[in-house]
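Protein chains get the first letters and strands the later ones, always in sequence-line order, with residue 1 at the start of each.
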Amino acid sequence: MSLWFENQKENPILCVSAVNMDERKTLDDRAKMTELERLRHSAAHVMATAILRLWPDAQFAAGPPVENGFYYDVDLKHRISPEDFMAIEAEMKKEIKANHPFEKIVVTREQAIADAQAGRLGALGARPGNPSVFKLGNLEAIPEGEQITYFKNGDFVDLCAGPHVMRTGNIGAFKLTSVASAYYKGDERNPQLQRIYGTAFKNKTQLDEYFKMLEEAKRRDHRKIGQEMGLFAIDTEYVGPGLPLWLPKGTAIVEELEKLAKETEFAAGYVRVKTPHIAREKMYLTSGHLPVLYAESMYPPMTLRAESGKKVDVEAQARSIEQSDQLLRENMEKIFPRLKESNYSLQEFEKDFWQKPEQVRIHLEKSAIATVFSKSKWAQLPEPDRYYLKAMNCPHHHRIFAAEPRSYRDLPLRLAEYGTCYRYEQSGELFGLMRVRSLNMNDAHIYCTPEQFAAEFNAVNEMYLKYFKIFGIDKYVMRFSTHDPSRLTGDNAKFVNEPELWKQTEDMVRQTLIDSKIPYVEVPNEAAFYGPKIDVQVWSVIGREFTLATNQVDFAVPAKFGLTYRDKDNSNKTPLCIHRAPLGTHERFIGFLIEHYAGNFPLWLAPEQVRVMTLGEEEPLVNYAKAIVNELRANFVRCESDFSSNKINGKIQDAEQAKVHTMLVIGGRDMEAGNVSVRLHGKGNLGAKPKAEVVADILQSIKERRA
RNA sequence: GCCAAUGUAGCUCAGUGGUAGAGCAACGGUUUCGUAAACCGUCGGUCGCCGGUUCAAUCCCGGCCAUUGGCUCCA
């Protein structure tokens with residue numbers, strides 16, 4: 001159940017996209033379950049019933065309806081695989097055929113605890129010695145005074161607040177879809193359970209439609225289309241997982257987006273900067289990314305240290321020392337007897353090294369030398385000099401702010417950059433272009449005074465809306481993320497420890513949102529480490545949901561860098577900083593656009609905007625066609641040609657499959673009349689038109705960024 | 001990172017304990033075609049990587065890597 005806003009500003013505050021109708025929603029929320037959700041919730045119970053018939057010792061945790069179906073989390077020794085689905089579905093059918101009523105039973109907390117301990121909850125009967133452990137946990141989460149209920153279908157009794165359909169027979173058509181894993185209550189410290197997914201509908205027709213829709217979604221998948229259209233490639237073997245290569249066609253889109261951003265930002269008073277991709281450790285110790293708050297999302301450092309004019313990889317040495325083996329050392333000592341001397345320095349070693357014959361040197365790996373040599377030297381090495389790949393652009397921008405003295409007259413200062421960042425996302429999180437390790441952010445940092453904050457923050461929000469209009473994005477939610485005070489300090493600290501500033505800035509953002517009447521939802525505990533933020537969550541047409549744009553407040557880091565401006569009263573003050581990325585990253589944004597348009601990009605974005613093809617290869621005809629190609633290319637239109645000996649149907653087939661936006665088909669008749677025949681991708685033949693008119697229309701459409 | 005599934009030619013996919021096939025693409029030739037596939041031929045693979053079992057492994061077993069579906073995390 002996802003709620004979104006259809007680009008309207010009617011209801012100022014709004015409800016949550018309840019992806020999980022989970023155990024701990026309020027009873028009120030649960031009562032709002034739609035008919036279909038009830039049906040799926042009931043299907044989850046029936047599935048549990050079936051699983052218990054096959055594996056009586058299964059322990060169940062939570063089994064809610066979700067956006068496209070339902071799941072039930074189960075703890076079971078047997079690993080359920082899709083091969084088991086048939087058997088489970090067969091048991092489910094029996095339960096549905098039996099048409100048991102769903103009976104609601106009200107019990108006392110004492111009774112519920114006793115039943116759980118007897119293993120009777122989420123079970124077909126009492127299971128001595130096998131208590132319903134997860135149900136006990138769920139019981140604890142139910143507030144005092146709230147009614148505790150069971151639902152019973154046939155022999156199966158479950159702790160459940162409902163609601164359900166009347167009878168098992170009301171579950172029309174269902175199918176198990178996948179098995180995944182999930183932590184109990186979503187917490188990775190809890191045991192890992194098997195999550196069995198299924199879906200259910202009122203009838204077979206709707207179920208079939210759903211699977212058809214999934215097929216359609218597969219066709220639109222950005223990974224598939226990106227591959228077919230030659231937009232990007234991910235070369236895990238040579239480049240690395242999560243590090244996409246933009247092929248020429250994809251780069252065309254990248255550059256159109258950058259052009260759009262640059263024009264928009266220029267008009268909004270931004271200035272552009274450029275920064276390197278790496279920085280020294282001090283940068284991130286100062287910003288707070290290191291040592292804790294962002295460390296696990298960063299690539300490990302490159303460690304450099306100058307010694308006798310050579311770069312030495314100190315970290316590699318350290319690792320090698322730990323693993324060094326005696327044999328290696330002995331072999332090395334045969335070649336370099338002085339290694340046995342404790343005061344043998346690296347400089348001396350180097351001299352000796354270069355005196356050895358090449359055949360010897362060639363077999364000595366650098367790391368082997370480091371291993372043997374540094375064993376005694378390690379303690380003498382100076383502090384390593386570490387460089388990190390940047391995970392964010394802000395620290396570099398802060399240093400640009402610091403590069404010159406600033407006056408209140410300079411503010412707001414808006415520094416923009418399409419900056420490339422590198423984040424070490426966990427391996428299981430990588431996903432096509434949507435979740436990658438190298439990302440190009442449509443980034444900018446706005447340094448302003450508290451008085452300027454609301455106007456600047458709003459201007460950023462307005463910029464989102466402007467972009468969304470261009471791309472026809474009408475399903476989105478603004479998510480206002482705040483901090484969790486319990487995570488300012490301690491082992492699982494997630495936010496900078498500035499409780500007062502958190503409160504002030506969160507109030508400020510909330511007020512700005514309310515004043516501007518932008519609909520939003522508030523989500524606790526999801527702020528950036530340096531301040532509250534607004535993310536814009538969108539849904540691609542195939543129902544994939546993710547965060548595109550972001551607008552974040554930073555009250556903490558400018559102060560850590562000692563950034564100040566001279567105010568009217570001649571005092572030095574710390575600016576506020578707004579981090580914003582309305583187009584998110586190229587990777588995710590283009591991934592989204594591919595699915596949004598199903599690869600059928602509007603003319604201005606299309607990788608290949610125009611293809612000119614001829615009927616035949618006669619010279620005059622080809623020359624006429626070439627002149628058109630040249631004219632378009634002279635106007636920066638991405639125009640290709642097909643003058644091959646292929647038949648026209650074949651050429652058209654090729655162009656349609658390549659999703660070329662505009663196809664210009666030229667034969668003798670067109671040439672004689674000074675015409676071209678226009679065919680639009682997916683729209684068929686529009687017939688012959690005067691050449692000049694067609695060219696002008698193409699240029700105009702691109703200029704206006706027509707949808 | 002965790003759980004599960006998957007990995008065969010550029011792409012989509014067959015297949016087998018005895019060192020592999022199809023269609024499309026690519027390349028060469030023939031064809032000169034008015035809006036979604038003209039015809040013929042050729043090339044193309046360390047069957048993800050490493051190890052084990054076996055006379056013999058792409059197939060069986062183990063480890064690793066990657067992808068996918070989720071979990072956790074996030075632009």
Both distances below 3.5 Å, Watson-Crick or wobble geometry, any strand: find the nucleotide opposite B/C64. B/G48
So do the side chains of A/Leu605 and A/Tyr597 get within less than 4.5 Å of each other, counting heavy atoms only? yes
Under 3.5 Å, is there a donor-acceptor pair between the side chain of A/Asp554 and the main chain of A/Ala556? yes
Tell me what A/Ser677 touches on the nucleic acid: a base, only sugar-phosphate, or nothing, going by heavy atoms under 4.0 Å. base
With heavy atoms under 4.0 Å as the rule, sort A/Gly650 into base, sugar-phosphate or nothing. sugar-phosphate
Atom CZ of A/Phe495 and atom C1' of B/C73: how far apart are they, to the nearest Å? 13 Å
Can you tell me, in whole Å, how much space there is between the C1' of B/G7 and that of B/C47? 10 Å
NA contact type, A/Leu193, heavy-atom cut-off 4.0 Å: base, sugar-phosphate, or nothing? nothing
B/A4 base to A/Gln192 side chain: any donor-acceptor pair below 3.5 Å? no
NA contact type, A/Ile234, heavy-atom cut-off 4.0 Å: base, sugar-phosphate, or nothing? nothing
With hydrogens left out and only the distance checked, is there a donor-acceptor pair under 3.5 Å joining A/Ser178's side chain and the base of B/G70? no
Is a donor-acceptor pair below 3.5 Å formed from side chain A/Tyr183 to base B/G1, judging by atom type as modelled? yes
Looking for any heavy atom pair under 4.0 Å, which part of the strands does A/Glu618 touch: base, sugar-phosphate only, or nothing? sugar-phosphate
Atom-to-atom span, CZ of A/Arg437 to C1' of B/C73 - whole angstrom: 13 Å
Which residue, A/Glu237 or A/Ile648, contacts RNA chain B at a nucleotide closer to its 5' end, judged by nearest heavy atom? A/Ile648
Can you tell me if A/Arg223 touches the phosphate of B/G69, counting only side-chain N or O atoms and a distance under 4.0 Å to OP1 or OP2? yes
With the side chain of A/Tyr197 defined as its heavy atoms from C-beta on, choose the nearest nucleotide among B/C71, B/C11, B/A75. B/C71
Looking at A/Leu243, is its backbone amide N or carbonyl O close enough to the side chain of A/Arg437 to form a donor-acceptor pair, meaning the two atoms are under 3.5 Å apart? no
Do A/Arg423 side-chain and B/C73 base share a donor-acceptor contact under 3.5 Å? no
Take the protein atom CD of A/Glu425 and the nucleotide atom P of B/A66, then report the distance between them rounded to whole Å. 15 Å
Contact under 4.0 Å: A/Ser427 side-chain N or O vs B/G1 OP1/OP2: yes
Hey, does A/Phe431 reach any base, or is it just sugar-phosphate, or nothing, if we go heavy atoms under 4.0 Å? sugar-phosphate
Using the six-membered ring wherever Trp is involved, compare the ring planes of A/Tyr299 and A/Tyr424 and label them parallel, tilted or perpendicular (cut-offs 30° and 60°). perpendicular
Would you please confirm or rule out a distance under 4.0 Å between OP1 or OP2 of B/A75 and any side-chain N or O of A/Gln552? yes
Provide the Watson-Crick or G-U wobble partner of B/A22, both distances under 3.5 Å; none if there is no partner. B/U12
For A/Asn442, the option from A/Lys262, A/Glu258, A/His586, A/Glu265 that meets side-chain hydrogen bond (donor to acceptor under 3.5 Å, both in side chains): A/Glu265
Could you tell me if A/Gln552 and A/Tyr530 have a donor-acceptor pair between their side chains, going purely by distance under 3.5 Å? yes
Any donor-acceptor N/O pair under 3.5 Å between B/U32 base and A/Ser645 side chain: no
What does B/A56 pair with, Watson-Crick or G-U, if both distances are under 3.5 Å? none
When we call it a touch if two heavy atoms are under 4.0 Å apart, what does A/Asn646 touch: a base, just sugar-phosphate, or nothing? base
Is there a donor on the side chain of A/Asp670 or the base of B/G34 sitting less than 3.5 Å from an acceptor on the other? yes
Measure from CG on A/Asp73 to C1' on B/G70 and round the result to the nearest Å. 10 Å
Integer-rounded Å distance: B/G70 P and A/Met434 CE: 13 Å
Which residues in residues 678-689 of chain A have at least one heavy atom lying under 4.0 Å from any atom of RNA chain B? A/Arg679, A/Asn685
Rounded to the Å, how far apart are A/Leu430 CG and B/C65 P? 13 Å
Heavy atoms under 4.0 Å, any strand shown: does A/Lys224 hit a base, just sugar-phosphate, or nothing? nothing
What is the nucleic acid contact for A/Ala182, judged by heavy atoms within less than 4.0 Å: base, sugar-phosphate only, or nothing? sugar-phosphate
To the nearest angstrom, how far is A/Met298 atom CE from B/A75 atom P? 15 Å
Is any side-chain heavy atom of A/Gln609 less than 4.5 Å from a side-chain heavy atom of A/Glu640? no
Pick the closest RNA chain B nucleotide for A/Glu656 and for A/Leu615 by heavy atoms, then say which residue is nearer the 5' end. A/Leu615
Looking at A/Thr177 and B/G69, is any side-chain donor or acceptor paired with a base atom of the opposite kind under 3.5 Å? no
Under-4.0 Å side-chain N/O to phosphate OP1/OP2 contact, A/Lys533 with B/A75: yes
So what's B/U31 paired with, Watson-Crick or G-U wobble, going by both distances under 3.5 Å? none
Could you tell me whether the side chain of A/Thr585 has a donor or acceptor atom within less than 3.5 Å of a complementary atom in the base of B/A75? yes
Identify whether any heavy atom of A/Gly432 sits under 4.0 Å from a base atom; if not, whether one sits that close to sugar-phosphate; answer base, sugar-phosphate or nothing. sugar-phosphate
Check whether the side chains of A/His661 and A/Glu608 place a donor and an acceptor atom closer than 3.5 Å, and report yes or no. no
Check: A/Tyr624 and A/Thr614 side chains under 4.5 Å, non-hydrogen atoms: no
For A/Glu228 and B/G10, what is the distance between atoms CD and P respectively, to the nearest whole Å? 17 Å
Does B/G1 have a Watson-Crick or wobble partner in any strand here, with both distances under 3.5 angstrom, and which is it? B/C71
